[in-house]
Amino acid sequence: MKISVLVFGQIAEIVNTEKLILQNVKDTDELNEQLKKEYPLLQKLAYSIAVNKKIIQSNTILTNEDVVAILPPFSGG
Amino acid sequence: MKISVLVFGQIAEIVNTEKLILQNVKDTDELNEQLKKEYPLLQKLAYSIAVNKKIIQSNTILTNEDVVAILPPFSGG
Amino acid sequence: MRIYFAQVKKNIGAHSIFLGQVRNDIINQQEVKAIEYSAYNEMAEEKFHEIREDAFKKYDLICMHIYHSMGVVNAGEISLFVFVSSAHRKEAIKACEEIVERIKKEVPVWGKEVFVNENHQWKINS
Amino acid sequence: MRIYFAQVKKNIGAHSIFLGQVRNDIINQQEVKAIEYSAYNEMAEEKFHEIREDAFKKYDLICMHIYHSMGVVNAGEISLFVFVSSAHRKEAIKACEEIVERIKKEVPVWGKEVFVNENHQWKINS
């Protein structure tokens with residue numbers, strides 16, 4: 001199983017890349033936990049999570065080839 | 001005593017001029033009466049009256065050289 | 001994509017712009033070809049000035065332009081232009097909308113709708 | 001005065017336009033010289049499309065243009081352009097305002113405020 005994780009804005013600075021490839025994450029809660037463990041600065045930041053371009057409101061099962069995005073608060077316009 | 005009466009839009013069409021000079025009208029009620037008598041079509045029309053560029057809400061005494069304007073509903077923009 | 005705009009006031013964050021345009025409405029099977037605008041000029045100028053001053057007092061604005069076309073304006077052409085700039089979008093948007101509404105209601109301007117067959121009727125604002 | 005405008009749709013009565021512009025804000029004594037915009041492009045395109053479709057469903061619109069600048073936009077330059085046309089002013093004005101608010105809230109775009117001294121901070125929308 002392969003999950004792409006796209007990161008943007010301030011979070012891309014912290015993670016120091018724009019894309020991570022993760023294996024063996026069963027759902028978004030687990031992904032979130034792994035990220036916060038790996039990058040403790042994320043614990044202080046607000047962000048949303050999108051799975052396949054849709055923002056999720058609760059824990060979501062991940063399947064092979066899913067694209068997850070970590071989205072800090074939007075500031076376009 | 002000389003009062004200028006400016007007329008606009010549809011009312012200028014009815015009166016067939018853009019300016020009347022009236023003498024001996026003591027207030028706007030009397031002016032209004034005279035106009036409706038002279039131009040009966042005005043009886044069916046809504047309009048406001050301005051004295052010296054200010055719209056009046058009630059009968060107003062007129063003095064020499066006052067400029068009265070008969071204003072059909074505005075339709076600019 | 002980048003949009004260039006000739007604007008030197010770098011404290012501006014938002015421009016809200018309204019353009020009114022003459023429509024070729026069909027009224028009783030007759031098509032409007034133009035609106036001929038007339039005004040009580042001296043009073044209209046005072047009103048435009050008052051609307052402008054009130055907007056600067058009420059909202060935090062940086063600049064404002066108002067133009068109203070006069071005379072014959074053909075269908076498809078612009079009759080009214082209101083341009084409001086502010087540091088923040090909410091001020092610019094609210095001010096622009098209020099100015100447009102006040103112009104329609106308070107400025108002594110009249111529009112004569114001229115049909116293709118040269119008949120006419122006097123416009124009524126909604 | 002008459003204003004000419006290259007517009008062939010004669011059923012349009014109102015255009016409501018919003019321009020967002022980068023401000024040279026002073027934050028902790030540092031002046032913003034530019035905002036560098038980035039986006040989650042695939043998702044942003046879907047969102048722009050959704051906002052556009054929703055506005056056409058909800059309001060009686062004739063045409064609409066939305067542009068968001070990407071990359072470095074200097075202070076004084078335009079970052080966002082929304083242009084909405086309708087037969088009637090109220091529809092155009094309400095739709096334009098709603099589209100601007102939705103873009104700010106819902107489209108995955110991020111602005112990095114770059115200061116004159118090359119420091120930066122991440123913009124927060126109000």
Side-chain angles (χ1 to χ4, degrees), chain A residues 2-22 25 27-29 31-32 34-36 38-77, chain D residues 17-23 25 27 32 34-51 66-73 77-82 96-114 118-126:
Chain A
K2 195 189 99 182
I3 305 292
S4 302
V5 181
L6 308 177
V7 291
F8 297 95
Q10 188 170 13
I11 293 175
E13 280 188 337
I14 289 168
V15 171
N16 205 24
T17 180
E18 292 180 347
K19 188 173 178 181
L20 304 165
I21 305 289
L22 298 188
V25 274
D27 56 32
T28 52
D29 277 0
L31 171 70
N32 218 351
Q34 284 192 22
L35 287 173
K36 286 183 173 173
E38 188 93 3
Y39 308 100
L41 281 171
L42 292 188
Q43 289 165 25
K44 296 187 292 184
L45 290 177
Y47 52 84
S48 315
I49 295 176
V51 177
N52 302 325
K53 295 182 272 176
K54 300 293 169 205
I55 290 176
I56 58 162
Q57 306 298 339
S58 57
N59 187 31
T60 299
I61 302 291
L62 296 173
T63 58
N64 191 34
E65 303 287 339
D66 274 351
V67 177
V68 179
I70 310 297
L71 309 170
F74 305 153
S75 53
Chain D
I17 304 164
F18 179 84
L19 298 171
Q21 184 170 307
V22 172
R23 286 193 312 270
D25 282 352
I27 301 167
V32 172
I35 294 180
E36 186 177 346
Y37 289 99
S38 56
Y40 181 4
N41 288 317
E42 295 87 341
M43 187 177 156
E45 272 162 36
E46 282 189 14
K47 265 289 165 194
F48 278 122
H49 184 75
E50 180 189 320
I51 290 169
I66 302 174
Y67 299 104
H68 196 303
S69 304
M70 282 292 138
V72 175
V73 182
E77 292 177 355
I78 298 298
S79 54
L80 175 63
F81 174 70
V82 177
C96 185
E97 180 174 8
E98 185 174 310
I99 290 164
V100 171
E101 293 302 322
R102 287 194 63 182
I103 289 170
K104 294 252 175 190
K105 281 198 195 77
E106 299 178 31
V107 180
V109 170
W110 297 274
K112 189 169 87 170
E113 292 171 321
V114 182
E118 300 298 335
N119 286 348
H120 74 263
Q121 73 171 24
W122 291 88
K123 185 170 170 256
I124 295 166
N125 273 356
S126 57

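As a basis for the values below, the full set of heavy atoms in this structure was taken, side chains included, without hydrogen atoms, waters or symmetry mates. Convention: sequence-line order gives letters A, B, ...; per-chain numbering from 1. Predicted model, so just to flag it, every value in this text is computed and none were measured.
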Worksheet entry | Minimal non-hydrogen separation, D:N125 against A:F74, with atom names | ND2-O, 3.7 Å

For [X], is it the side chain, the backbone, both, or neither that has a heavy atom closer than 4.5 Å to a heavy atom of chain A?
X      : value
D:A39  : backbone
D:K105 : backbone
D:E106 : backbone
D:K112 : side chain

Item to complete: Heavy-atom distances under 4.5 Å only: say whether A:A50 touches chain D with side chain, backbone, both or neither.
Response: side chain

Worksheet, complete the sentence: Okay, A:L71 and chain D: the region with an atom under 4.5 Å from a heavy atom over there is both

Crowding at [atom1], [X] (>12 non-hydrogen neighbours, <6.0 Å):
X     : atom1 : value
A:K19 : NZ    : no
A:E18 : CD    : no
A:I56 : CD1   : yes

Item to complete: Give me the ring orientation class for D:W110 and A:F8: parallel if the planes are under 30° apart, tilted from 30 to 60°, perpendicular past 60°.
Response: parallel

Item to complete: Decide yes or no on side-chain contact (heavy atoms from CB on, under 4.5 Å) for D:E42 and A:V67, but give the supporting numbers first.
Response: CA-CA 11 Å; D:E42 295 87 341; A:V67 177; over 6 Å; no

Practice prompt. Indicate yes or no for a side-chain donor-acceptor contact from D:Y37 to the backbone of A:S75 under 3.5 Å, with no hydrogens or angles considered.
Written response: no

